[in-house]
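Before any comments, here is the structure.
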Number of protein chains: 2
Amino acid sequence: MQHLPVTPEEPASAAGVDTPAFSPLYQQIKALILRSLQAGEWKPGEAIPSETELAGRFRVSQGTVRKAIDELAAENLLVRRQGKGTFVATHSERQVEYRFLRLKPDEGDLDSEGPAQRSILDCRRARATGDVARGLGLRPGDPVIQVRRVLSFKGVPTILEDLWLPGVAFKGLTADALASYPGPTYALFEEEFGVRMVRAEERIRAVAADPSQAELLGIAPGSPLLSVERTAYTYGDRPMELRRGLYRTDTHHYFNELQ
Amino acid sequence: MQHLPVTPEEPASAAGVDTPAFSPLYQQIKALILRSLQAGEWKPGEAIPSETELAGRFRVSQGTVRKAIDELAAENLLVRRQGKGTFVATHSERQVEYRFLRLKPDEGDLDSEGPAQRSILDCRRARATGDVARGLGLRPGDPVIQVRRVLSFKGVPTILEDLWLPGVAFKGLTADALASYPGPTYALFEEEFGVRMVRAEERIRAVAADPSQAELLGIAPGSPLLSVERTAYTYGDRPMELRRGLYRTDTHHYFNELQ
DNA sequence: GAGTGGTCTAGACCACGCG
DNA sequence: GCGTGGTCTAGACCACTCA
């Protein structure tokens, strides 16, 4: 195993850096950068130190730092901008505003539809049920915040969504904040609660709308809807949000690229 | 722009290599490798020449070849195997057998369910309608091959699929071949027709089963189904297959990772 | 012009697979 | 033991951004 000369006499693993043994140097550097991101040393939108500076700090060559940053950029945790620097990724940037939303209009694109109109139906403190606790890595009965909202495009209600958030991390979240925040919800989470979502998983099914769902979406009861269950993760693969969306697919579709 | 010293007196673009001007050397190398893949110089499953050999052939450093191969490997066109070489990706490998199938059982995984049972209901020559022609880059009336089949897991019919293929490229495809081929359908396409699918797009909607669809899947008419419209592309982003699948999602779900 | 990321090179050594 | 890909380094130069 290569040693990280931060503490030259000891291997990295003995110096409190818990990367797996025998991992390449650049993976160790990547883990160190990740740790700084997680610790909030650099905030979303800010520049991290230059490659040269990091190379000096870690006592490795610039090429090694480069490879570490390459991987973090590929995972959308960092964004490189030639001539300017490398920045901590954020959900506030215009071009990634709907990074996790795969619903596209059948004609045109989301941009041409303008921003979604959010109508917050409910936002309240509750206790985690077994399912929610399991999904969020909590214990049943732990506090959660539960949100119900409808998203409309061009005035047409299209998505009915329920959100479950860990109560501790999101203490103080209100319907007002959700309704009035100008950017994406995940940007609000970053800014107000320091919780940055880095990846998500979705499980998709076709279901029939029940009467109350149908009324909220303005469709006939029994209409087929896409059920999209999302788990969103922050740094370290910790689940921080469960979401269940019901999508109308008469004017929109869920778009997925396979490679 | 860097020059490719294949014809040392001329820039690469003048030497018949139609890469965009001012592209980095490794992008030009990538385009050359891609061209060889497309031309069938190396077949799926075969090893391509070593990095050192390619570096010699193209008169660039090994690191430059490396970066080109890195990108092709990231796009799943090549597969690196340390100590052995770099191989042309294929749909025949066990670990990627269901590379484009995102349907997972609610419990367990696809492997534990064993291979899908394929029942070919229909396989016939036809003429492209406007929609199909548009999707496949053909003209209306051009010959196509149309396939209808049902996939069952553990004996339960789960997917009803219609396929449209360009008639010229897939001349001679029969229901028998589709039913008896032991591997994935895309492996059959590779092996028998030299058509390798490299990426695909899916558009997903929720629909209600009509009576004939319901009967084929053994469910009640009107049941919600996932409609998955896929366009599969071969090298050079040429569409080579349209597919419309109806997925039961009472025991399975469509799984998607967002990052 | 100074500073940043992006490309390219050349050479050394490591890890793996296989005969 | 040889050949493969994988890592690491050091240094040169390019392209972009901004003051």
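Below, chains carry the letters A, B, ... as their sequence lines are ordered, and counting in each starts from 1.
- At whole-Å resolution of the value, CD in B/Q28 and C1' in C/dT7 are 12 Å apart.
- Atom OH in A/Y26 sits about 12 Å away from atom C1' in D/dG5, given to the nearest Å.
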Sub-3.5 Å pairs of nitrogen or oxygen atoms, protein against nucleotides 16-19 of chain D:
{"residue": "D/dC16", "atom": "O4'", "partner": "A/Q82", "partner atom": "OE1", "Å": "3.2"}
{"residue": "D/dC18", "atom": "OP1", "partner": "A/K84", "partner atom": "NZ", "Å": "3.1"}

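- Under the rule for a salt bridge (Lys or Arg N to Asp or Glu O under 4.0 Å), the partners of B/R80 that lie at least two apart in sequence or sit in another chain are B/E51, B/D70.
- Considering only residues two or more places apart in sequence or on other chains, A/E46 meets the side-chain contact (heavy atoms from CB on, under 4.5 Å) condition with A/W42, A/K43.
- Under 4.0 angstrom from either OP1 or OP2 of C/dC8 there lies no side-chain N or O belonging to B/S61.
- For B/E192, the salt bridge (Lys or Arg N to Asp or Glu O under 4.0 Å) criterion is met by no residue, not counting sequence neighbours.
- Residues satisfying the side chain to side chain donor-acceptor pair (under 3.5 Å) test with A/S180, not counting sequence neighbours, are none.
- Proximity of B/R81 to the phosphate of C/dC16: no side-chain N or O atom is located under 4.0 Å from OP1 or OP2.
- In this structure, the side-chain contact (heavy atoms from CB on, under 4.5 Å) partners of B/T174, at least two apart in sequence or on a different chain, are B/D176, B/A177.
- Applying the side-chain contact (heavy atoms from CB on, under 4.5 Å) rule to A/T52 yields the partners A/S50; only residues at least two apart in sequence or on another chain are considered.
- OP1 or OP2 of C/dG6 has at least one side-chain nitrogen or oxygen of A/R80 nearer than 4.0 Å.
- Rounded to an integer number of Å, the gap from A/F58 CZ to D/dC8 P is 14 Å.
- Phosphate contact (OP1/OP2 of C/dT9, side-chain N/O of B/T64, threshold under 4.0 Å): present.
- Of the residues in residues 44-53 of chain A, those lying under 4.0 Å from DNA chain C by heavy-atom distance are A/S50, A/E51.
- Atom CD1 of B/I29 and atom P of C/dT7 are 14 Å apart (whole Å).
- D/dG11 atom P lies 17 Å from atom CZ of A/R66, rounded to whole Å.
- When the C1' atom of D/dG3 is taken as reference, atom CD of B/Q62 falls 12 Å away, rounded to whole Å.
- Counting to the nearest Å, the C1' atom of D/dA12 and the CG atom of B/L25 are 15 Å from each other.
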* How far apart are the C-alpha atoms of A/D106 and A/H253, what are their side-chain angles, what is the distance that settles it, and do they pass the side-chain hydrogen bond (donor to acceptor under 3.5 Å, both in side chains) test? -> CA-CA 6 Å; A/D106 290 341; A/H253 59 272; 2.7 Å; yes
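- Residues that satisfy the side-chain contact (heavy atoms from CB on, under 4.5 Å) test with B/S152, not counting sequence neighbours, are B/Q117, B/V150, B/P157.
- Note: B/Y186 and B/F100 have perpendicular aromatic rings, judged against thresholds of 30 and 60 degrees for the angle between ring planes.
- B/K67 has its NZ atom 16 Å from the C1' atom of D/dG6, to the nearest Å.
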